[in-house]
Amino acid sequence: MKKVIYSILALSLFFTWGCKKGYLDINQNPNQPTSAQPEQILPTALNNTAGRWTHREMGAFWMGQWAPSGSVSGFTAEKTYNPASNYRTAIWSGIYDNLKDYDFVEKEAEKSGKDALRGIAKIMKVYNYQILVDTYGNVPYTEALQGTDVIRPTYDKAEDIYDDFIVQLDTAIALLKKPESSINVFPRSSDIVFGGDATKWVKFANTMKIKVLLRHANNSAKAAYIQTNVDNIVAEGSGFITENVLSNPGYLQSDGKLNQFWATYFKDAAGTNVTAVSFYAVGAYFKTMLDGRETIGEYRGRGGFYSATASLEGVTLGQLDAPLYANCSKFNEEGLFLCQSFNQDSYLMSAAESFFLQAEAAERGYLADDAQMLYNKGVEASFVENYIPGGYTGAASDAAAYVSNGEEVSDYADAPDKIELIITQKYIAGFGHGAFEAWCDYRRTGFPNPTALDGTGDIFYSPQSIFGKSIPARLLYPSTEEQTNSANALAEGITNVHTQKLFWAK
């Protein structure tokens, strides 16, 4: 089976790494929310969730998608794989702040009988809590979000929280399936994701359930539990999401109102490039494509453009060989990466991720659907997302041709490890916006295999690592948590980010 080799992207960066709240924010104090209707808070919360990049950026560095050039100082924790307790604390604080918004929406909606709003809030609380658990393990959950009523919440076991995710998602689905009435008005104008389409929210909840359940795949004792809950999804009947799950509050070309990624990594409202400390190179993406690629037109890999005569060089995190950077393409060149317009959508989940999750569930025997068909749909969705018109009539037809001609895809039946193939293509499809999920998949499955990617086994690993080829398996609890909730935080006994793995890790 032909190996997929990767190329490069260059990236200019200058920003505080925590995601700033946008112009929709009306709840500055998470413990004392401003008097407002839940419909007013919901778009703020959704915008902040989709626009948050701190955890994705971390995943992009550690999974070989982004790499700072040798001329850049700093980023020592990323390069050495040695994050301290003050590393990226915005992941913790930002998510709990965001969760407080959703908690407000849920509670206020319950008071007024707005069940659809409650359902959306529950789904998004699971979405955010899963990031926290996947980063830190045990976290405050049952006693969290209570403000001054509980200022030192206890920590819940990560696996128990995961089990409750399914309960919360089931409840959300039931709420969203209630008929619209004079009380339960679907939040069309304030729902900046699906425009109040309850059925799409149910599909998204089902997809989230698959994502939660597959985290247990390494635990054979959970097999019956996974199967029962997958069967429940099938019986519910709405299916899974088949489109990109995107958020857009109506971004404007004005300071504080731009798409967060655009404003952070590319241009300000005046159209001027943000001040950059240096260029960054992405260390792992399409360098050469599959057989037959040149007959289809140009497929835009997020790391650059492929042609039959030239391709971009690759670098790895922490590499100091400066000449390699001469062949890197800037992330903000037309068509590359995620910088396409100031009002572009922000991602919550891609269609490709949904199809690859389904493909994995089918390959593991939990879904009765054809795993190869779902895998092909994932590759096609990735192609369409990154499409540049070629010699065919449109993205969909080009995608079909790409799948039928691509050796990597057509060899699915003969692949020695189909889970590896699924996870590797999921990694490719989620470049950038799916980098955190890639870090989770790597810790959970060991894929994508760095050796298989480029034949050396070095494509992920920083030569400045002080832990060898060992990417961090978690983060330490933030130093702020150790100060304000020290008894509970220190009782967890987390001191090693490499050996103290999460419950679902391989």
Side-chain angles (χ1 to χ4, degrees), residues 8-25 43-63 65-68 75 78 88 90-91 94-95 98 127-128 131 192-193 244-282 285 300-304 329-353 382 385-386 429-439:
I8 290 291
L9 181 61
L11 179 62
S12 292
L13 294 178
F14 176 80
F15 207 73
T16 302
W17 298 115
C19 179
K20 291 185 177 180
K21 282 201 167 190
Y23 66 100
L24 290 173
D25 187 34
T44 301
L46 292 170
N47 183 54
N48 288 334
T49 301
R52 187 186 305 117
W53 270 86
T54 308
H55 63 296
R56 292 166 174 163
E57 183 183 86
M58 174 181 67
F61 279 124
W62 283 338
M63 292 306 298
Q65 294 182 349
W66 297 3
F75 299 97
E78 286 83 359
R88 293 185 184 263
I91 297 175
I95 290 179
N98 199 193
Y127 185 98
N128 277 276
I131 297 171
I192 60 176
V193 177
N244 292 333
V245 183
L246 305 169
S247 172
N248 195 325
Y251 296 113
L252 301 174
Q253 195 164 3
S254 177
D255 287 334
K257 300 180 182 181
L258 300 162
N259 169 279
Q260 294 98 319
F261 188 90
W262 177 273
T264 303
Y265 299 109
F266 193 14
K267 294 180 182 291
D268 61 20
T272 304
N273 286 351
V274 295
T275 304
V277 292
S278 186
F279 291 118
Y280 280 61
V282 172
Y285 210 57
R300 184 180 71 233
R302 291 197 184 280
S329 172
K330 295 180 181 179
F331 87 101
N332 55 4
E333 289 178 357
E334 182 180 359
L336 293 182
F337 198 49
L338 294 179
C339 284
Q340 298 172 23
S341 68
F342 70 86
N343 60 351
Q344 65 193 40
D345 298 326
S346 296
Y347 277 82
L348 289 171
M349 178 183 284
S350 70
E353 180 181 347
S382 176
E385 183 183 347
N386 295 282
F431 182 80
H433 62 73
F436 181 82
E437 180 68 5
W439 182 47

Side-chain donor/acceptor of Asn343 to backbone N/O of Gln253, under 3.5 Å: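 No.
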Close side-chain approach of Gln260 to Asn47, heavy-atom, < 4.5 Å: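 Yes. Closest side-chain heavy atoms under 4.5 Å.
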Inter-residue atom distance Trp439.CH2 - Met63.CE, 0.5 Å rounding: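 Answer for the CH2-CE pair, Trp439 versus Met63, is 10.5 Å.
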Euclidean distance, Tyr347 OH relative to Asn244 CG, rounded to 0.5 Å: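 Reported value, rounded in 0.5 Å steps: 4.5 Å.
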Derivation of the side-chain contact (heavy atoms from CB on, under 4.5 Å) call for Leu348 and Val193: CA-CA 9 Å; Leu348 289 171; Val193 177; 3.8 Å; yes
Any donor-acceptor pair under 3.5 Å linking the side-chain atoms of [Y] with those of [X]?
X: Arg52; Y: Asn128; answer: yes
X: Tyr251; Y: Ser346; answer: yes
X: Ser247; Y: Asp345; answer: no

Stepwise ring-ring contact (aromatic ring centres under 6.0 Å, His included) check, Phe61 with Phe75: CA-CA 10 Å; Phe61 279 124; Phe75 299 97; 5.6 Å; yes
Worked verdict on Ile91 versus Met58 for side-chain contact (heavy atoms from CB on, under 4.5 Å): CA-CA 10 Å; Ile91 297 175; Met58 174 181 67; 3.8 Å; yes
Atom of Pro43, atom of Ile192 and distance for their closest heavy-atom approach: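 Smallest heavy-atom distance, with atoms named: O-CD1, 3.4 Å.
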Contact summary for Ser350 and His433, nearest pair of heavy atoms: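 Shortest heavy-atom contact: CB-CE1, 3.8 Å.
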Evaluation steps, side-chain contact (heavy atoms from CB on, under 4.5 Å), between Phe342 and Asn259: CA-CA 6 Å; Phe342 70 86; Asn259 169 279; 5.9 Å; no
Pairing of Glu437 and Arg56 as salt bridge, 4.0 angstrom limit: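 Result for this pair is no, no salt bridge flagged.
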